[in-house]
Amino acid sequence: QVQLVESGGDLVQAGGFLRLSCAASGGTFSRYAMAWFRQAPGKEREFVSVISWNGLRTTYTESVKGRFTISRDNNKNMVWLQMNSLKREDTAAYLCAASKTNYNTPTRDFEFDYWGQGTQVTVSS
């Protein structure tokens, strides 16, 4: 059973920056595509970013392009999401997810097999 634990969420002001971390255990990390999703109260879960198993391909949702960067280190079983120029609309619980699909960069909820509990990011004005 794969376990994912997120950390790094915090309260920040608009325009600020934050780096989220996801630590994986219990599986063959290097074989999984890894992604970040987010969910705000009363809203549907939203795809944010994904990185392929080898770290060579990445995809971002349009609203975060140019501001967020996803990265991974398979030797450390870690994934990060660097978030810059944060906006109030970025406020959400951010979840780390792992996918066993053979597609390099899955983006849909049902394509992911394991999920973390989430870490809260709150952007104030």
ask   = Are any non-hydrogen side-chain atoms of Phe17 and Ser85 less than 4.5 angstrom apart?
value = no
Interatomic distance, Trp53 atom CH2 to Thr28 atom OG1 [nearest 0.5 angstrom] = 12.5 Å
ask   = More than 12 foreign heavy atoms under 6.0 Å from CD of Glu89: is that the case here?
value = yes
key: Shortest non-hydrogen contact from Tyr60 toward Phe68   = CE2-O, 3.3 Å
key: Heavy-atom closest pair, residues Val50 and Ala33   = CG2-CB, 4.3 Å
Cation-pi check, Arg72 onto Tyr32 ring (under 6.0 Å, within 45° of axis) = no
task = Take Thr59 and Phe47 through the test side-chain contact (heavy atoms from CB on, under 4.5 Å) and record every step on the way to the result.
result = CA-CA 10 Å; Thr59 299; Phe47 166 79; 4.2 Å; yes
ask   = Between Arg45 and Asp109, is a side-chain contact (heavy atoms from CB on, under 4.5 Å) present by the stated rule, with each step listed?
value = CA-CA 8 Å; Arg45 185 179 298 162; Asp109 299 33; 3.3 Å; yes
Stepwise side-chain contact (heavy atoms from CB on, under 4.5 Å) check, Cys22 with Trp36 = CA-CA 9 Å; Cys22 174; Trp36 289 94; 3.7 Å; yes
inquiry  = With heavy-atom distances below 4.5 Å as the criterion, would you say the side chains of Leu20 and Val121 are in contact?
reply    = yes
request  = Look at the side chain of Thr122 and the backbone N and O of Leu11, then say whether any donor-acceptor pair between them is shorter than 3.5 Å.
outcome  = no
task = With rounding to the nearest 0.5 Å, note down the distance linking OG in Ser99 to CG in Asn102.
result = 9.0 Å
Non-hydrogen side-chain atoms of Glu46 and Thr61 separated by less than 4.5 Å = yes
message = Is there a side-chain contact between Met78 and Ser21 in this structure, where contact means two heavy atoms from C-beta onward sitting under 4.5 Å apart?
response = yes
query = Got Ile70 and Trp80 here, is their nearest side-chain heavy-atom distance under 4.5 Å?
reply = no
note = Closest non-hydrogen contact found for Gly118 with Glu6 is N-OE1, 2.9 Å
task = Might you work through the side-chain contact (heavy atoms from CB on, under 4.5 Å) test for Cys96 and Leu4, ending with a clear yes or no?
result = CA-CA 7 Å; Cys96 180; Leu4 305 174; 4.2 Å; yes
request  = Kindly give the heavy-atom pair with the smallest separation between Ala40 and Ala92, and that separation in Å.
outcome  = N-CB, 3.9 Å
key: Closest heavy-atom pair and its distance - Leu81, Ser49   = CD1-CB, 4.3 Å
query = Any side-chain heavy-atom pair from Arg67 and Asp90 closer than 4.5 angstrom?
reply = yes
Atom of Val123, atom of Gln13 and distance for their closest heavy-atom approach = CG1-C, 4.0 Å
Side-chain touch Val64/Val48, heavy atoms, less than 4.5 angstrom = yes
ask   = Could you give the distance from CD1 (Ile51) to CE (Met34), rounded to the nearest 0.5 Å?
value = 10.0 Å
inquiry  = If I take atom CD from residue Gln3 and atom CD from residue Gln117, how far apart are they, to the nearest 0.5 angstrom?
reply    = 10.0 Å
key: Spacing of Arg19 atom CZ and Thr69 atom OG1 [to the nearest 0.5 Å]   = 11.5 Å
key: Minimum side-chain heavy-atom gap Trp115-Phe37 below 4.5 Å   = yes
Backbone N/O of Lys100 and side chain of Asp113: donor-acceptor pair under 3.5 Å = yes
